[in-house]
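As structure tokens, the structure follows; a few thoughts come after it.
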Amino acid sequence: MPQMGSRARWRQSWAPQPLTPLIEGPGPEMQEEGTKKESSWEVIREWFRTQKISPGGSFSQSFYGTIHAKTQDLRLLLGVLGCPLAPIPSAHDPTLSIHIKDTPFETSTAKYIIQQYLAATGCLKQQKDTKNMYATGTVKMICCETEISSGKNVKCLGTRSSENGCFVLWQMLPGMWSLELVVGDHKVVAGSNGKTVWRHTPWLGTHAAKGPQRPLRRIIQGLDPKTTASLFTNAQCLGENRIGTVDCFVLKVSADRAAVVERSEGPAEVIRHILYGYFCQKSGLLIYLEDSHLTRVPTQDNDTVFWETTIGSSISDYRDVDGVLIAHQGRSIATVFRFGELSMQHSRTRMEEIWTIDDVMFNVPGLSMDHFIPPADIFNNISSP
């Protein structure tokens with residue numbers, strides 16, 4: 001894990017890779033190293049194909065029966081939980097005065113709840129402006145079994161396996177961030193310079209995210225209350241619900257149609273991306289975050305396959321850091337559900353991440369925009385006709 005004083009990690013040499021849009025969902029490479037698919041959705045289809053049910057009704061064990069099974073599990077974990085993005089861009093500074101005149105009741109109620117959240121976290125009385133942030137933490141990623149069904153036959157494949165890792169996160173306003181995540185023998189690097197969001201994995205190379213610039217989901221899991229609040233500035237209040245024994249207000253935001261269309265890649269069409277925030281009625285703090293991402297992908301046999309990725313995150317252990325309450329612990333459970341429009345066959349894979357924040361620091365001296373410059377091949381792709 002790189003240290004704060006090190007600048008070597010910002011001067012990494014990036015091997016040139018064909019640039020394709022970042023896929024927010026499962027993206028494991030199912031072939032040997034160096035033989036990459038043209039489309040990451042082809043990789044996903046291959047991943048399911050290795051788990052398919054045979055015509056006689058038995059289940060193929062090739063996916064979990066190979067020596068690469070653990071590696072593929074970890075790549076799936078990192079593809080889904082490593083560095084997902086929020087569904088919408090951040091809005092204006094949420095600490096500014098709100099205007100509720102001629103605003104629908106559900107929206108004005110949500111604005112009031114967000115102001116209570118900012119007050120509860122200490123952002124409204126913060127004396128010094130926060131220009132940047134540094135955080136380190138540890139993760140434990142767990143891949144659980146995959147359930148495959150074909151009408152009458154249902155079988156679970158795989159075993160519960162886990163890998164430990166750590167990460168370092170840098171953030172600089174407005175909209176710049178950098179993440180390095182190491183789990184097992186795999187490393188994922190992602191970042192944003194405020195205009196372009198990108199990700200690099202050893203098995204898929206460097207990818208740029210299409211659509212509007214959006215914050216890293218890991219940041220809004222209690223690490224940056226202001227960014228979290230800005231996402232819910234124009235939210236709808238759906239009413240009340242309970243998380244365990246805690247009464248919460250539920251707020252909802254979703255990406256508009258134009259934004260999800262812009263994020264689609266070739267035949268893979270993003271249908272919707274919704275985010276729900278559960279704010280404790282007693283403390284005002286965010287204690288649960290859930291988002292659902294649905295993509296439609298056509299198949300070669302004239303069927304349509306839907307991939308729905310749902311991530312639910314419990315957020316806890318708020319501690320004071322320079323007058324702001326920051327969540328230091330949490331648990332995310334993700335479910336990847338694949339189902340066909342015509343076929344009776346479907347699969348459901350469940351995975352989990354337990355994370356802990358070890359250190360948080362605001363206004364780190366010397367941190368500049370140069371720390372968030374994307375890899376050179378990103379710029380080459382943008383400048384090409």
Side-chain angles (χ1 to χ4, degrees), residues 1-14 22 82-86 89-96 118 121-123 125-139 165-182 187-200 206 208-209 212-231 318-328 330 355-379 382:
M1 175 59 59
Q3 301 298 318
M4 282 183 59
S6 172
R7 292 292 181 265
R9 66 191 189 87
W10 305 108
R11 302 190 183 98
Q12 297 184 53
S13 59
W14 299 87
L22 183 151
C83 50
L85 303 178
S90 299
H92 59 78
D93 188 343
T95 60
L96 299 176
L118 289 168
T121 54
C123 292
K125 60 180 180 181
Q126 197 174 10
Q127 298 295 324
K128 187 185 298 183
D129 289 338
T130 301
K131 298 180 180 179
N132 60 57
M133 179 188 69
Y134 160 84
T136 61
T138 57
V139 297
C166 54
F167 67 88
V168 59
L169 173 65
W170 302 82
Q171 182 189 30
M172 186 172 180
L173 300 178
M176 291 174 279
W177 53 267
S178 175
L179 171 73
E180 292 190 19
L181 172 66
V182 178
K187 179 179 180 179
V188 176
V189 184
S192 169
N193 63 352
K195 297 179 181 179
T196 303
V197 177
W198 56 272
R199 176 177 67 176
H200 177 88
T206 306
Q213 194 274 339
R214 295 168 287 141
L216 182 70
R217 190 185 193 277
R218 199 173 291 274
I219 290 175
I220 64 173
Q221 293 173 182
L223 265 181
D224 183 357
K226 283 189 177 181
T227 298
T228 305
S230 70
L231 287 179
Y318 279 88
R319 303 180 195 174
D320 186 291
V321 179
D322 295 340
V324 179
L325 290 183
I326 302 297
H328 280 65
W355 52 268
T356 303
I357 300 299
D358 297 325
D359 187 26
V360 179
M361 180 182 296
F362 295 121
N363 296 323
V364 179
L367 189 65
S368 69
M369 296 174 62
D370 294 340
H371 292 79
F372 304 94
I373 297 176
D377 49 351
I378 294 283
F379 288 121
I382 293 175

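We number each residue from 1, following the sequence as shown.
- A distance of 9.5 Å separates CE of Met176 from CD of Gln171, quoted to the nearest 0.5 Å.
- Taking each heavy atom of Ile326 and Phe362 in turn, the nearest pair found is CD1-CZ, 4.0 Å.
- Taking Ser192 as the reference, Trp177, Val197, Gln213 meet the side-chain contact (heavy atoms from CB on, under 4.5 Å) condition, with sequence neighbours excluded.
- The heavy-atom pair separating Cys166 from Val139 by the smallest distance is N-CG2, 4.2 Å.
- Remark: side-chain polar atoms of Arg199 are not paired, donor with acceptor, to backbone N or O of Ala190 under 3.5 angstrom.
- For the residue pair Gly222 and Tyr318, the shortest heavy atom distance occurs at CA-OH, 4.4 Å.
- Contact between Cys123 and Val324 at its shortest, heavy atoms only, is SG-CG1, 4.3 Å.
- Here the CG-OG1 distance, from Leu118 to Thr228, works out to 9.0 Å after rounding to the nearest 0.5 Å.
- In this structure, Asn193 contributes its side chain and Phe372 its backbone to no donor-acceptor pair below 3.5 Å.
- In this structure, OG1 on Thr136 lies 4.5 Å from CG on Asp359, to the nearest 0.5 angstrom.
- With a 4.5 Å cut-off on side-chain heavy atoms, Leu179 and Val189 do not count as touching.
- In terms of the side-chain contact (heavy atoms from CB on, under 4.5 Å) criterion, residue partners of Ile357 (sequence neighbours excluded) are, by chain and number, Phe167, Leu223, His328, Trp355, Val360.
- With rounding to the nearest 0.5 Å, the separation of CG in Leu231 from CZ in Arg214 is 10.5 Å.
- Listed for the Arg218 side chain is no donor-acceptor partner under 3.5 Å among the backbone atoms of Pro84.
- Between the side chain of Asn132 and the backbone N or O of Asn363 there is at least one donor-acceptor pair closer than 3.5 Å.
- Between Leu169 atom CG and Cys83 atom SG the span is 11.0 Å, to the nearest 0.5 Å.
- In terms of modelled atom types and a separation under 3.5 Å, the side chain of Asp224 and the main chain of Ile219 share no donor-acceptor contact.
- Heavy atoms only, all atoms of each residue included: Asp370 and Ile373 are closest at O-CG1, 3.4 Å.
- Residue Ser178 holds its OG atom at 10.0 Å from CG of Leu216, rounded to the nearest 0.5 Å.
- The two residues Ser90 and Thr227 come nearest to each other via the heavy atoms OG-CG2, 3.7 Å.
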